[in-house]
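Reading through the structure tokens given below for one structure.
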Amino acid sequence: MKWNKAVLSLTPYQPGKSIEAVKRQYGLEKITKLASNENPFGCSAEVKKAIAAYADSFAIYPDGYATLLREAVAEHVGVNEKQLIFGNGSDENIQIISRSLLDSSKNTVMATPSFSQYRHNAILEGAEVREIPLIDGAHNLEGMLAAIDENTAVVWVCTPNNPTGVYIDEASLRQFLNQVPEDVLVVLDEAYSEYAVAEDYPKTEKWIETYKNIIVLRTFSKAYGLASLRIGYGIADEDIIQKLDPAREPFNANTMGQMAAKIALQDQVFIERCRYENRQGLEQYYTFCQEENLSYYPSQANFILIDFKIDSDEVFQYLLENGYITRSGKGLGFPTSLRITVGSKEQNSEIIAVIKEFLTLQKSLTK
Ligand SMILES: *Cc1c(COP(=O)(O)O)cnc(C)c1O
């Protein structure tokens, strides 16, 4: 068959291992998944109630305009309803952007390592990918600026960055945006913004008034705990939203997801609690890393990347066999690090104890 070359050059996205698969493979009863930055506290109890009561409209197509959710997000974010686009997760918004702006005559600039889907979608569109290495886990914004030329269509900025958790402060981000040509779309992927607590982490919702060439991507998959319902949204100038809309599948955001996201948005007490617990959890890991002399990046997200200075698959495998699914840095561009999602206090203590076991074993072997 006449497959596109780009398709043949790619491998499918490697998700974190599923709980069921690990249970079966290792004959374990209890599995803790800290691999995909999902919320260990689930979602708002209000969402669970509403979903339990919902059974009427499986036969009816979703609202393609996501009217009720759109109203709720517009109010929450403080923008106009026409400045929003909804996707089947941020993943789909990334796809829509790529499809609308990239082709073989253009290039796209991004940091590396960063979220894999920017590169993946760019390759599918046949665009040239310009990857600028991180410096100490952070975007090299000057390097990214230097890589932009007249054929650059999209620049991807992930803050806090997945998989390092490092963020871009307000002044640096503004300085960067001030220098990007106006005809280049800058995507600010803020999948973890709800977890960020740094005082200079920018609140970018209103920046679309100043910068007509940005789109801010947010998702209900992480802090809101609705990863399985697949809802993400983009905030941008109305003109950008209009141009992107034809590349969106007509019924992309499903009915349950729209309903759940709207209710979840109303429960900001839940989000505050998750943000607080996440900070406490990160402190558990920081203390552990300091005790064990392991280096890590201070994180503004709900995960931590820890450098074990050995093949990361070894730590990953040891944890897996003990019932903990994490993410080996091998596939993420950090071959000696492990990315661990911050869990509940108990989950963190448990996994830290198992990692300590592993380190003790390592030390006895290398003696
Ligand atoms: C998880 C993640 C996404 C994808 O989110 P979905 O809304 O579940 O598709 C996008 N960007 C980053 C940086 C992520 O970590």
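Order of appearance sets the numbers: ligands from 1, and atoms from 1 within every ligand.
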Distance filter under 4.0 Å to Cys158 heavy atoms, resulting ligand 1 atoms:
13 (C)
Nearest protein heavy-atom contact for atom 12 (C) of ligand 1: which residue, which atom, what distance?
Asp189 OD2, 3.4 Å
Can an N or O of Tyr118 be found at a distance shorter than 3.5 Å from an N or O of ligand 1?
no
With heavy atoms of Asn162 as the reference, note each atom of ligand 1 found under 4.0 Å away.
13 (C), 14 (C), 15 (O)
Suppose we measure from atom 5 (O) of ligand 1 to each protein heavy atom; which comes out shortest, and what is that distance?
Ser90 CB, 3.7 Å
Check each heavy atom of Asp91 against ligand 1 and say whether those closer than 4.0 Å belong to the side chain, the backbone, both or neither.
both
Using a strict cut-off of less than 4.0 Å between a Lys/Arg side-chain nitrogen and an Asp/Glu carboxylate oxygen, indicate whether Arg230 and Asp91 qualify as a salt bridge.
yes
Closest to atom 15 (O) of ligand 1 among protein heavy atoms sits Tyr192 OH, 2.6 Å
Ile85 and Asn93, any side-chain heavy atoms less than 4.5 Å apart:
yes
Answer yes or no for Gly89: is there a heavy-atom contact with ligand 1 below 4.0 Å?
yes
Arg218/Glu205 ion pair, N-O < 4.0 Å
yes
Testing the 3.5 Å rule here: is there a donor-acceptor pair between the side chains of Gln268 and Glu272?
no
Give me the nearest non-hydrogen protein atom to atom 10 (C) of ligand 1 as residue plus atom name, then the distance to 0.1 Å.
Phe115 CE2, 3.3 Å
Do Tyr192 and Tyr167 have ring centroids that are under 6.0 Å from one another?
no
Please report whether ligand 1 has a polar contact with Arg230, defined as an N or O pair separated by less than 3.5 Å (distance criterion only).
yes
Could you verify whether a donor N or O on one side chain and an acceptor N or O on the other, from Tyr285 and Asn348, lie under 3.5 Å apart?
yes
Would you indicate whether Lys206, at its atom NZ, is surrounded by more than 12 heavy atoms from other residues, nucleotides or ligands within a distance under 6.0 Å?
no
So which bit of Lys222 gets within less than 4.0 Å of ligand 1, heavy atoms only: side chain, backbone, both or neither?
side chain
Pair Glu277-Ser344, side-chain donor/acceptor within less than 3.5 Å:
no
Is any N or O atom of Asn88, backbone or side chain, closer than 3.5 Å to an N or O atom of ligand 1?
no
